[in-house]
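The structure under discussion appears below in the form of structure tokens.
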Amino acid sequence: AQVPGRPDSPKPTQDLAQGLLAGLALAAGLIVLLESLQRGLRTPQAVEDWTGAPCLVSVPKLTLREVKNLAATGGQGPADYVAVKPLSLYAEALRQLRADLILAPDGEKVPQVILFSSAVAGEGKSTTALAFARTLAMSGAKTILIEADIRRPTIANIASIEAKTNLVEVINHHDRLEAALCRDLLTDLDILPTQAINDRTGVDQALERFSGLLDTLRPHYQFIVVDTAPVLAVAETQTMARQADAVILVVRWGATTGDAIRIAVHELQSARINPRGVALNSVDFKAQSKYTRGDSASYYNSYSKYYSA
């Protein structure tokens, strides 16, 4: 038998390559496992499974570059981006939500009063409501945004305007409506902001007459967007949601739990309110495109060049 010129094993180069491949496979599996263990909902399919309502849109989180570009223009937050950068992916997502709501099938009424809420605080519902209302106004539709989160109002701060009174005063005295209105600084949107209300005296009775304020506004506006408090925080959201033509729940990507949104939907349905759909907010499209398949985010790298930063 011929004596081998070199030992059959070990084979350092081959063993190293195999070890590297095994390590990469293990790391990839670990990443997928960690992603699956995240409690926050991360895909439209997961949102729909937990809510039973369609996920109408995935609204992207602004990238660091986009945040810097926004700051350079004097913008204050994501809601400003629809006006400052109308060709961005963020603005396109809001236009998609608009299309889903107003391009109703034949025979189905286009919603005029569109109410935004969430399961809990911190989902970005007020920012999404403002950005959506601005999108409607920029399309040429006469639109008003009503801030109806009377305990923790934020619209005035986000839009850099001043609330002159509170919503309850306007509901009780419609003649004060015109003086309470503000014009958006970036678009033709009308905004009815509110001051915070700490005294609950007469509040519940006033909110039960919220429909009267809507009836006053309906002849003058094509769309009325309402930003309310989180469903699980206060009961008054259900009172106002009954007056809306469509209710949109905002879910924060990777943060909102399935249990939270499921309970919120149950609370609404118990009051005979069926959400029109869900907006998955603050989505990290780059991260999601790596770990998910079957939704628009998974094709992010293919279409991202269509939008300006």
Side-chain angles (χ1 to χ4, degrees), residues 97-98 101-102 104 108-118 125-126 128-137 139-156 159 161 163-184 187-197 202-231 233-250 267-269 271-277 279:
L97 179 58
R98 169 186 171 272
L101 289 174
I102 73 171
E108 186 173 324
K109 182 181 177 182
V110 175
Q112 182 183 15
V113 179
I114 304 167
L115 182 143
F116 283 79
S117 187
S118 59
K125 63 172 181 58
S126 298
T128 304
L130 175 57
F132 178 71
R134 282 174 168 168
T135 301
L136 292 173
S139 73
K142 190 168 177 57
T143 306
I144 183 172
L145 170 62
I146 301 176
E147 183 172 29
D149 188 345
I150 60 175
R151 303 197 194 194
R152 296 184 60 187
T154 59
I155 291 292
I161 57 177
K164 304 166 188 175
T165 185
N166 63 66
L167 180 62
V168 170
E169 285 294 318
V170 176
I171 292 174
N172 289 334
H173 307 281
H174 289 188
D175 57 334
R176 300 180 185 178
L177 172 61
E178 186 174 353
L181 288 177
C182 297
R183 177 56 61 93
D184 183 28
T187 67
D188 290 332
L189 173 70
D190 284 338
I191 302 177
L192 178 58
T194 183
Q195 297 172 345
I197 297 177
V203 169
D204 294 333
Q205 293 88 337
L207 293 179
E208 289 170 1
R209 298 191 297 274
F210 183 60
S211 59
L213 175 61
L214 296 178
D215 290 341
T216 299
L217 296 171
R218 282 182 186 273
H220 304 286
Y221 291 94
Q222 187 174 350
F223 294 106
I224 302 169
V225 180
V226 184
D227 173 44
T228 63
V231 174
V234 296
E236 59 215 29
T237 296
Q238 297 178 30
T239 300
M240 289 181 279
R242 291 190 188 96
Q243 316 303 326
D245 302 321
V247 174
I248 306 299
L249 289 173
V250 177
E267 292 288 331
L268 291 173
Q269 291 177 337
R272 298 182 180 179
I273 302 164
N274 288 313
R276 178 69 172 267

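Side chains are part of it too, since the values below use all heavy atoms of this structure and drop only hydrogens, waters and symmetry mates.
Taken from CG in Leu136 to CG in Asp188, the straight-line distance is 12.5 Å, to the nearest 0.5 Å. For the atom pair CD1 of Ile150 and CD1 of Ile197, the computed distance is 4.0 Å after rounding to the nearest 0.5 Å. Note that the CD1 atom of Ile155 and the OG1 atom of Thr194 stand 11.0 Å from one another [nearest 0.5 Å]. The distance from the CG atom of Asp227 to the CD1 atom of Ile248 is 13.0 Å, given to the nearest 0.5 Å.
Nearest heavy-atom pair, Ser117 versus Ala229, reported as atom, atom and distance to 0.1 Å: OG-O, 2.9 Å. When all heavy atoms of Arg276 and Pro111 are compared, the closest pair comes out as NH1-CG, 3.7 Å. Shown here for Leu189 and Thr143, the closest heavy-atom pair between the two residues is CD1-O, 3.4 Å. Residue Ala137 comes nearest to Thr187 through the heavy atom pair CB-OG1, 4.2 Å, listed as atom of the first residue, atom of the second, then distance. Nearest approach of Ala129 to Val225, heavy atoms of both residues: O-CG1, 4.0 Å. Nearest heavy atom pair, residue Ala196 against residue Arg151, reads CB-O, 4.0 Å.
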Step-by-step side chain to side chain contact (heavy atoms under 4.5 Å, CB included) determination, Ile224 to Asp245:
CA-CA 10 Å; Ile224 302 169; Asp245 302 321; over 6 Å; no

Side chain to side chain contact (heavy atoms under 4.5 Å, CB included) evaluation trace for Ile146 with Leu217
CA-CA 11 Å; Ile146 301 176; Leu217 296 171; 3.6 Å; yes

Trace of the side chain to side chain contact (heavy atoms under 4.5 Å, CB included) decision for Leu249 with Leu268:
CA-CA 11 Å; Leu249 289 173; Leu268 291 173; 4.1 Å; yes

Would Glu147 and Ile191 count as a side chain to side chain contact (heavy atoms under 4.5 Å, CB included) if you check the C-alpha gap in whole Å, the side-chain angles of each, and the deciding distance to 0.1 Å?
CA-CA 8 Å; Glu147 183 172 29; Ile191 302 177; 5.8 Å; no

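Contacts of Gln269 classified as side chain to side chain donor-acceptor pair (under 3.5 Å), with partners at least two apart in sequence or in another chain: none. The side chain to side chain donor-acceptor pair (under 3.5 Å) test applied to Thr154 returns Ser126, not counting sequence neighbours. Considering only residues two or more places apart in sequence or on other chains, Phe116 meets the ring-ring contact (aromatic ring centres under 6.0 Å, His included) condition with Phe132. For Ala244, the side chain to side chain contact (heavy atoms under 4.5 Å, CB included) partners two or more places apart in sequence, or in a different chain, are Val113, Leu115, Val247. Residues meeting the side chain to side chain donor-acceptor pair (under 3.5 Å) test with Gln222, sequence neighbours left out: none. For Pro230, the side chain to side chain contact (heavy atoms under 4.5 Å, CB included) partners two or more places apart in sequence, or in a different chain, are Ser118, Ala121, Lys125, Asp149, Ala233. With sequence neighbours excluded, no residue forms a side chain to side chain donor-acceptor pair (under 3.5 Å) with Asn166. Residues forming a salt bridge (Lys or Arg N to Asp or Glu O under 4.0 Å) with Arg242 (at least two apart in sequence, or on another chain): none. With sequence neighbours excluded, the residues forming a side chain to side chain contact (heavy atoms under 4.5 Å, CB included) with Glu267 are Val231, Leu232, Gln238, Ile263, listed by chain and number. With sequence neighbours excluded, the residues that form a salt bridge (Lys or Arg N to Asp or Glu O under 4.0 Å) with Asp190 are Lys142, Arg183.
For the pair Val226/Gln243, no side-chain contact is recorded, criterion being any heavy-atom separation below 4.5 Å from C-beta on.
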Got a list of side-chain donor-acceptor pairs under 3.5 Å for residues 203-215, not counting sequence neighbours?
| residue | atom | partner | partner atom | Å |
| --- | --- | --- | --- | --- |
| Asp204 | OD1 | Arg200 | NH2 | 2.8 |
| Arg209 | NH1 | Gln205 | O | 3.3 |
| Arg209 | NH2 | Asn172 | OD1 | 2.4 |

Expected list for residues 173-182: side-chain donor-acceptor pairs under 3.5 angstrom, two or more places apart:
| residue | atom | partner | partner atom | Å |
| --- | --- | --- | --- | --- |
| His174 | ND1 | Thr216 | OG1 | 3.1 |
| His174 | NE2 | Ile171 | O | 3.2 |
| Arg176 | NH1 | Glu169 | OE1 | 2.4 |

